[in-house]
Amino acid sequence: MASQSVLTPQDEDFPRWYQDVVAKAEMADNGPVRGTMVIRPYGYAIWERMQAEIDQRIKEAGAQNAYFPLFIPESYFHREAEHVEGFSPELAVVTHAGGEDLAEPIVVRPTSETVIGEFMAKWIQSYRDLPLLLNQWANVVRWELRPRLFLRSSEFLWQEGHTAHATYEDAAAYAMKIHLEVYNDFLEKVLAAPTYLGIKPPTERFAGAINTMTCEGMMRDGKALQMATSHELGQNFAKAFDIFYQNEDGQAALCHTTSWGASTRLVGGLIMLHGDDSGLVVPPRLAPIQVVVVAVRDEPEVNEACERIAQSLKGEGVRVQVDRGRGSFGRRLTDWEIKGVPLRVEVGPRDLAQGLVTLVRRDNAEKLPVALDAVGGEVARLLEAMQSAMFDDARQRRDGATVDVKSVAEAVEAAQTGFARLPWSQVGYKGENELNSQAITVRCLQRRDGSMPVTDTEDELDCIVAKSY
RNA sequence: CGGGGCGUAGCGCAGCUUGGUUAGCGCGCCUGCUUUGGGAGCAGGAGGUCCCGGGUUCGAAUCCCGGCGCCCCGACCA
């Protein structure tokens with residue numbers, strides 16, 4: 001009965017802890033082909049919740065869902081020089097199909113700018129067709145040398161938005177809108193993830209973009225994770241794919257395009273951002289199971305009470321599940337803790353005799369005896385309290401591990417345990433190389449007040465540097 | 001692709017140095033009974049190409065040669 005930890009403690013070996021959580025919370029398994037991932041039902045349920053929240057915001061931002069093919073002619077990639085250069089190393093290419101060698105190899109999409117560009121060119125005739133705002137939910141393939149479940153897999157799931165606009169300003173504004181109203185809003189409100197919003201330095205830009213925006217989150221081990229990005233592609237892809245429109249004056253003009261994405265990497269981010277030594281901790285608004293009603297004993301009155309409580313919570317829109325399975329009570333609690341279910345309602349004969357149940361919060365393990373008729377209200381209150389507490393805690397951890405420094409040397413020191421912030425002018429080409437040689441990268445550029453710059457050439461920019469996933 | 005580690009039951013490992021009967025242990029799984037307020041107990045049971053291919057030997061998980069795969073740390077990336 002002596003409680004021995006089920007997971008490797010974070011302090012002992014963080015990567016090991018991560019793998020333990022993924023396995024024991026039944027989130028995913030390695031697929032048979034190196035780098036591939038089997039997403040198990042619980043992991044997929046979390047992804048579906050992310051999808052639902054992000055999809056809703058994308059639609060509110062005016063984009064429509066569509067679907068483009070998995071297979072892309074290889075020649076498409078050669079039309080944009082930087083794009084092909086950036087992606088060639090990780091392309092999976094089909095050279096043989098239908099029992100024959102293919103005349104032209106087919107690339108399994110690593111991202112869809114090229115095919116979508118081709119069709120944008122076809123669909124856009126007039127300024128009246130603009131802006132064209134598309135999104136697709138899809139799988140993509142990027143051959144990975146060093147895969148990790150959710151964080152880096154050779155195949156992963158994501159959404160990729162692709163838009164075309166008449167002007168640079170309109171495209172830039174839309175990319176920014178997505179960044180703030182879709183990604184940052186989702187990250188803050190649902191994932192309880194505080195991030196640093198900024199733009200990437202030129203070296204870290206998306207292949208073919210003129211500007212890349214990022215939401216950089218800090219994991220519990222102090223490393224950075226890019227949780228979503230939004231790109232201004234300028235006219236690079238418009239040129240490569242002839243995405244023209246006719247303006248009011250009847251002149252042909254090149255479009256300005258954007259693309260933006262968030263992937264199943266977010267699930268990895270969720271684990272490493274909020275997880276603790278007892279396992280995953282899922283923010284209530286994200287959780288596929290928000291409340292688990294646990295029968296302390298498998299007895300009729302207890303089970304009936306569980307069902308009544310669950311039905312009533314369900315009626316109030318709470319995502320709830322009853323656990324009246326056999327097996328030891330302690331074991332079941334541990335299992336729910338590893339899965340990170342935000343709130344537990346423990347229903348036992350002793351409490352029940354007094355008209356009580358016990359509510360337990362996953363984030364701080366606080367136990368609260370609550371009268372049966374007050375459960376609904378308390379659950380709602382605690383879920384909200386936990387949601388904001390998780391964001392506040394994460395922000396405190398992030399701020400506490402972000403150090404202002406004045407030189408690259410100091411930044412290297414600070415990046416061993418967290419983020420370092422320093423004037424971008426102190427870094428430069430040479431400084432960036434020095435950082436990179438220490439496995440540290442410039443995660444983003446920000447204005448002094450923390451807001452997002454428009455370009456990397458603005459004066460007085462800070463940069464945030466860190467080790468990253 | 002560089003540097004380290006490891007391949008033995010579903011998972012985690014011992015055994016290998018010094019070859020020798022039926023290859024073990026923990027967890028998990030199955031059956032039964034007792035249990036159930038923080039990973040339950042007892043009894044019984046199922047489960048193995050010892051990564052693969054060669055070689056040495058009377059005999060190889062163990063020694064030799066060659067492959068393959070996985071994990072961790074770097075370079076690349078969402």
Side-chain angles (χ1 to χ4, degrees), chain A residues 1-8 13-16 18-20 23-24 29-35 85-91 110-111 138-160 183 200 203-207 212 214-217 223-231 259-269 278-279 294-299 302-303 323-338 344 346-353 356-358 360 365 367 369 433 436-441 467-469:
Chain A
M1 193 82 62
S3 123
Q4 192 188 350
S5 71
V6 182
L7 308 167
T8 305
D13 186 344
F14 196 83
R16 188 66 176 268
Y18 178 84
Q19 287 183 274
D20 285 354
K24 300 245 164 82
D29 259 336
N30 281 307
V33 172
R34 178 177 161 77
E85 191 189 331
F87 278 107
S88 318
E90 32 187 2
L91 292 184
T111 178
N139 59 337
V140 283
V141 169
R142 297 181 186 179
W143 218 250
E144 282 298 338
L145 304 174
R146 205 185 125 202
R148 290 187 75 182
L149 288 173
F150 291 114
L151 298 172
R152 256 191 318 263
S153 46
S154 287
E155 179 192 5
F156 58 89
L157 307 182
W158 74 348
Q159 65 58 221
E160 49 177 324
Y183 296 142
K200 289 288 182 185
T203 50
E204 302 282 332
R205 262 182 216 144
F206 176 76
T212 289
T214 178
C215 300
E216 290 291 324
K223 286 197 188 178
L225 184 76
Q226 177 173 301
M227 303 191 75
T229 87
S230 191
H231 316 290
S259 69
W260 25 279
S263 73
T264 37
R265 174 178 275 188
L266 284 171
V267 179
S278 302
V294 183
V296 171
R297 284 161 175 271
D298 190 15
E299 295 173 3
V302 173
N303 288 334
D323 174 9
R324 42 182 285 190
R326 278 178 229 126
S328 83
F329 181 60
R331 174 51 182 265
R332 285 143 66 209
L333 299 190
T334 308
D335 286 346
W336 292 117
E337 276 169 358
I338 292 173
R344 199 161 70 218
E346 299 178 2
V347 182
R350 276 202 316 254
D351 285 350
L352 221 46
L356 297 173
V357 294
T358 304
V360 188
K367 295 192 180 186
N433 277 342
N436 291 354
S437 73
Q438 305 288 314
I440 298 162
T441 49
K467 295 190 174 183
S468 70
Y469 281 97

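The shown structure was predicted, so the numbers you read here are calculated from the model rather than taken from an experiment. Chain letters run A, B, ... following the sequence lines, proteins first and then strands; every chain starts at 1.
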In whole Å, I'd like the distance from the CH2 atom of A:Trp158 to the P atom of B:rC77.
14 Å
How would you label the contact of A:Ser88 with the nucleic acid (heavy atoms, under 4.0 Å): base, sugar-phosphate, or nothing?
nothing
Report the residues that fulfil side-chain contact (heavy atoms from CB on, under 4.5 Å) with A:Thr441, sequence neighbours left out, ordered by chain and then residue number.
A:Glu204, A:Asn436, A:Arg443, A:Ser468
Anything under 3.5 Å between a protein N or O and an N or O of nucleotides 30-36 of chain B, put it in a table, one pair a line.
residue, atom, partner, partner atom, Å
B:rU36, O2', A:Val296, O, 2.8
B:rU36, O2, A:Gly327, O, 2.9

With side-chain contact (heavy atoms from CB on, under 4.5 Å) as the test, pick out the partner of A:Trp158 among A:Leu266, A:Asn139, A:Thr111.
A:Thr111
What is the pairing partner of B:rU22, taking Watson-Crick or G-U wobble pairs with both distances under 3.5 Å in any strand?
none
How do A:Ile440 and A:Lys367 order along RNA chain B: which one's closest nucleotide is nearer the 5' end?
A:Lys367
Output the rounded distance in Å from OH (A:Tyr469) to C1' (B:rA75).
17 Å
If you go through the side-chain atoms of A:Glu346, does one of them form a donor-acceptor pair with the base of B:rG38 closer than 3.5 Å?
no
In whole angstroms, the gap separating C1' of B:rC1 from CH2 of A:Trp143 amounts to 17 Å
Using atom C1' of each nucleotide, how far apart are B:rC50 and B:rG15 to the nearest Å?
10 Å
Only counting residues at least two apart or in another chain, list the ones meeting side-chain contact (heavy atoms from CB on, under 4.5 Å) with A:Thr229.
A:Thr212, A:Gln226, A:His231
Rounded to whole Å, CZ of A:Arg142 lies from P of B:rC76 at a distance of 16 Å
Taking N or O atoms only and anything under 3.5 Å, show me the protein contacts with nucleotides 69-74 of chain B, one pair per line.
residue, atom, partner, partner atom, Å
B:rC71, OP2, A:Arg34, NH1, 2.9
B:rC72, OP1, A:Gln19, OE1, 3.3
B:rC73, OP2, A:Arg146, NH2, 2.5

Look at all strands and tell whether A:Thr111 reaches a base, only sugar-phosphate, or nothing, counting heavy atoms closer than 4.0 Å.
nothing
Using the P atom on both, measure B:rA61 against B:rG54 and round to a whole Å.
14 Å
Could you state the CD-P distance from A:Glu144 to B:rC76, rounded to the nearest angstrom?
12 Å
Counting N and O atoms only, with roles assigned by atom type, does the side chain of A:Ser153 sit under 3.5 Å from a partner on the main chain of A:Leu149, one being a donor and the other an acceptor?
no
What residues form a side-chain contact (heavy atoms from CB on, under 4.5 Å) with A:Gln438, not counting sequence neighbours?
A:Val412, A:Glu434, A:Ile440
Given the P atoms of B:rC51 and B:rG69, what is the spacing between them in whole Å?
16 Å
Contact class for A:Gly261 (heavy atom, under 4.0 Å): base, sugar-phosphate, or nothing?
nothing
Remember a base hit wins even if backbone is also touched, and classify A:Arg344 as base, sugar-phosphate or nothing at under 4.0 Å, heavy atoms.
base
For A:Phe87, report the nucleic acid contact type (base, sugar-phosphate, nothing); a contact means any heavy atom under 4.0 Å.
nothing
Scanning all shown strands, the Watson-Crick or wobble mate of B:rU36 with both distances under 3.5 Å is none
Grab the CD1-C1' distance between A:Ile338 and B:rG38 for me, whole Å please.
13 Å
Residues two or more places apart in sequence or in another chain: which of them pass salt bridge (Lys or Arg N to Asp or Glu O under 4.0 Å) with A:Asp298?
A:Arg326
Find the partner of B:rG59: check Watson-Crick (N1-N3 plus N6-O4 or O6-N4) and G-U wobble (N1-O2, O6-N3) distances, both under 3.5 Å, and reply none if neither fits.
none
According to salt bridge (Lys or Arg N to Asp or Glu O under 4.0 Å), who are the partners of A:Glu337, at least two apart in sequence or on a separate chain?
A:Arg344
So what's B:rC1 paired with, Watson-Crick or G-U wobble, going by both distances under 3.5 Å?
B:rG74
Checking all strands, does A:Glu204 fall into the base, sugar-phosphate, or nothing category for heavy-atom contacts under 4.0 angstrom?
nothing
Using the C1' atoms only, state how far B:rA75 lies from B:rG3, rounded to an integer number of Å.
12 Å
A:Ser154 (side chain) donor-acceptor with A:Glu144 (main chain) under 3.5 angstrom:
yes
Under a 3.5 Å cut-off for both contacts, is B:rA14 paired Watson-Crick or G-U wobble with anything, and if yes, with which nucleotide?
none
Rounded C1' spacing from B:rA9 to B:rA23 in Å
11 Å
Under 3.5 Å on both distances, the Watson-Crick or G-U partner of B:rG69
B:rC6
Round to the nearest Å and state the distance from A:Leu151 atom CG to B:rC76 atom P.
17 Å
Separation of the C1' atoms in B:rU62 and B:rU57, to the nearest angstrom:
13 Å
A:Phe87: partners by ring pair (Phe, Tyr, Trp, His ring centres under 6.0 Å), with sequence neighbours left out
A:His83, A:Phe206
Atom CG of A:Leu352 to atom C1' of B:rG37: distance rounded to whole Å?
13 Å
Partner nucleotide, any strand, of B:rU31 [Watson-Crick/G-U, under 3.5 Å]:
B:rA43
Say we look at B:rC11 and B:rC70: how far apart would their C1' atoms be, to the nearest angstrom?
15 Å
Evaluate A:Tyr18 against A:Arg148 for side chain to side chain contact (heavy atoms under 4.5 Å, CB included), listing each step before the verdict.
CA-CA 10 Å; A:Tyr18 178 84; A:Arg148 290 187 75 182; 3.8 Å; yes
Determine the Euclidean distance between corresponding P atoms of B:rU21 and B:rA60; express it in Å to zero decimal places.
11 Å
Closest heavy-atom pair and its distance - A:Asp351, A:Glu346
OD2-O, 4.4 Å
From B:rC77, B:rA40, B:rG12, pick the nucleotide closest to the side chain of A:Glu90?
B:rC77
Under the rule for salt bridge (Lys or Arg N to Asp or Glu O under 4.0 Å), what residues qualify as partners of A:Arg297, not counting sequence neighbours?
A:Glu299
Assign each of A:Arg205 and A:Pro349 to its nearest nucleotide of RNA chain B by heavy atoms, then name whichever residue's nucleotide is nearer the 5' end.
A:Pro349
